[in-house]
Amino acid sequence: MAISAAAHTAGTTDQPPEDLRLLAGEDCWWAVSGTRTARLPKHAVTQTSGRNILVPEALDALNAQRFFRAAPRDTYAVTVLTATACNLGCNYCFQNLELAPQGSYAPPRIPNEVLDTERVQNVVSFVKRQMRTYGFSQSSLLVFGGEPLLNPAGTLDLLHAMSDVNLIDADMVTNGVLLKPSLATQLAAAGLNRAQITFDGAQNLHDQIRVTRNGRGTYDQILRNVRHAAEKTELSWHFRVNISHRNLDGLETLIDDLGTAVPAGRASLHLALIDDNGLGYENTVGYSAEYAQRFTELHERAIAHGLFIPLSKPLSVCPYCSAFGGEQGAVINADGQLYSCWENAGREGWDVGSVSHGYRSADEIRSRWVACDFDVKSHGSKEDTRSFFDRLDATALDAMYRKGRMKPSQR
């Protein structure tokens, strides 16, 4: 029984946890639990009452490998918006208050705030208190916006200051337009490990959707910045490709461009359906077998280029919104206000406290504590959604296994 799994330390279990997924591969079963993945032979899984379950021999083998040991919760997760303004005018953004007026590329957005030196120190002091209260020994950081690089000084200041709370991992979500090689070098030296960059399809379509606030295309600029930053630094990259019926054509060309932008093994790819956040930016692509096949083909092309495909994760594992009252992580706006989720950060009436005074009482904030995707329209039924992601994850694992690109953990 071949098992490919990362080793973690924590308590043991004789029975599989509730989050265990058993995915049917080409000539195997894939067992997925948390960040661990195991490749099992066909006879390792049987059906009982319509459910896939591990046979006793397989369960014993996985327990012997400590496969079900839970990862220790010793890292406090922090998201900080260093600037809430954005230099792009993407109509679907969940930080828009409404769609752009006819003929405009500038949707009205959440109020403009910037993280300055004093606010950085307030953030770090708050994180120290949270870590002490809940027993965390180290922290991780996601630098967010708006566009965080509209405030490069604040972003660099924050990265340096977070060393006071034992920062072990730092990511940034940026549109990449301002990520010049010199700035990328400074960010990496300050502790940034990874950058997430979003694309909206092949160049001709991306340049109609992901535009500056005066309507200019951004594809060439972003791709050039990524290439140069990858040459100058050891940063890892995560490419998010927003998918809708508007940009399904030509995605092969985009993946070819992304696959040659950075060295093999240093980037991952996520094909993500654009959500309608109540603004009227609808997406007719859904969780169907037709689109699962399309995504599978694109994944295989990306894997051939050396890109890694992370597996889907349930929203219930989010360290921010899934744990009430900031017990595992915090989302902090540039003005120091606290929110339960990235998706409502900066919105009037949704704050749940501040870094100066901490979280307000449970009774005060319960109605404001929302989770990821709380305000989006569904792309399909629960059954269709589960089937869609099970198929995508199984075929991605098969393809990465064939290419020898398996990793011990999934991001």
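As a basis for the values below, the full set of heavy atoms in this structure was taken, side chains included, without hydrogen atoms, waters or symmetry mates. For the single chain, residues carry numbers from 1 onward in sequence order.
- Ionic pairing of Asp27 and Lys42 is not present here: no N-O contact between side-chain nitrogen and carboxylate oxygen is shorter than 4.0 angstrom.
- Using a 4.0 Å cut-off between charged nitrogen and carboxylate oxygen, Asp390 and Arg21 count as a salt-bridge pair.
- For the pair Arg266 and Glu231, the salt-bridge criterion is not met [side-chain N within less than 4.0 Å of a carboxylate O].
- Of the inter-residue distances, the one linking Leu54 atom CG with Leu40 atom CG reads 6.5 Å to the nearest 0.5 angstrom.
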Output side-chain donor-acceptor pairs under 3.5 Å for residues 145-152, partner residues at least two apart or in another chain, one line each.
from   : atom 1 : to     : atom 2 : distance (Å)
Glu147 : OE1    : Thr174 : OG1    : 3.3
Glu147 : OE1    : Asn175 : N      : 2.8
Glu147 : OE1    : Asn175 : ND2    : 3.1
Glu147 : OE2    : Leu149 : N      : 3.0
Glu147 : OE2    : Thr174 : OG1    : 2.8
Asn151 : OD1    : Gly154 : N      : 3.0
Asn151 : ND2    : Thr82  : O      : 2.9
Asn151 : ND2    : Leu115 : O      : 2.8

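- One distance of note links CG of Asn247 with CG of Asp200; it measures 6.0 Å at 0.5 Å rounding.
- Atoms CG and SG, on Asn344 and Cys321 in that order, are 9.0 Å from each other to the nearest 0.5 Å.
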Begin from the C-alpha positions of Gln293 and Thr296 and carry the test side-chain hydrogen bond (donor to acceptor under 3.5 Å, both in side chains) through to its verdict.
CA-CA 5 Å; Gln293 179 60 33; Thr296 293; 5.2 Å; no

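- Ion pairing between Glu98 and Arg109 fails under the 4.0 Å rule for side-chain N and carboxylate O.
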Apply the test side chain to side chain contact (heavy atoms under 4.5 Å, CB included) to residues Thr260 and Arg227: give CA-CA distance (whole Å), side-chain angles for both, the deciding distance (0.1 Å), then the verdict.
CA-CA 9 Å; Thr260 57; Arg227 286 195 177 108; 4.0 Å; yes

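- Between the Arg405 side chain and the Ile303 main chain, a donor and an acceptor come within less than 3.5 Å of each other.
- Taking the six-membered ring where tryptophan is involved, the planes of Phe295 and His299 are perpendicular, since the angle between them exceeds 60° and thus also 30°.
- Neither side chain, Arg347 nor Gln95, offers a donor N or O lying under 3.5 Å from an acceptor on the other.
- Test Leu273, Asn283, Ile274, Asp275 against Asn242 for side-chain contact (heavy atoms from CB on, under 4.5 Å) and you get one pass: Ile274.
- Atom CG of residue Asp351 and atom CG of residue Asn333 lie 9.5 Å apart, to the nearest 0.5 angstrom.
- For the 3.5 Å distance criterion, the side chains of Thr218 and Gln221 fail to qualify, holding no donor opposite an acceptor.
- The aromatic rings of Trp30 and Tyr401 lie perpendicular to each other, with more than 60° between the two planes, well past the 30° mark.
- Under the 30°/60° scheme for interplanar angles, the aromatic rings of Phe144 and Trp342 are found to be tilted.
- Relative to the six-membered ring of Tyr281, Arg246 meets both conditions, a distance below 6.0 Å and an angle of at most 45° to the axis.
- A donor-acceptor pair shorter than 3.5 Å cannot be found between the side chains of Trp237 and Ser268.
- Residues Tyr339 and Tyr320 keep their aromatic ring centres 6.0 Å or farther apart.
- Looking at Asn166 and Tyr76, their side chains never bring a donor and an acceptor atom within 3.5 Å of each other.
- Of the N and O atoms on the side chains of Thr75 and Gln138, at least one donor lies less than 3.5 Å from an acceptor on the other residue.
- For Asn96 (side chain) and Asn91 (main-chain N/O), a donor-acceptor pair under 3.5 Å exists by modelled atom type.
- Within a 6.0 Å sphere centred on OH of Tyr134, other residues, nucleotides and ligands contribute more than 12 heavy atoms.
- The neighbour count for Arg73 CZ, taken as heavy atoms of other residues, nucleotides or ligands under 6.0 Å away, does not exceed 12.
- The side chain to side chain contact (heavy atoms under 4.5 Å, CB included) test applied to Asn52 returns Leu22, Trp29, Val45, Gln47, not counting sequence neighbours.
- Here ring-ring contact (aromatic ring centres under 6.0 Å, His included) pairs that include residues 190-210, with residues two or more places apart or in two chains, are Phe199-His206, Phe199-Tyr219, His206-Tyr219.
- Note: Leu159 CG to Leu192 CG = 6.0 Å, rounded to the nearest 0.5 Å.
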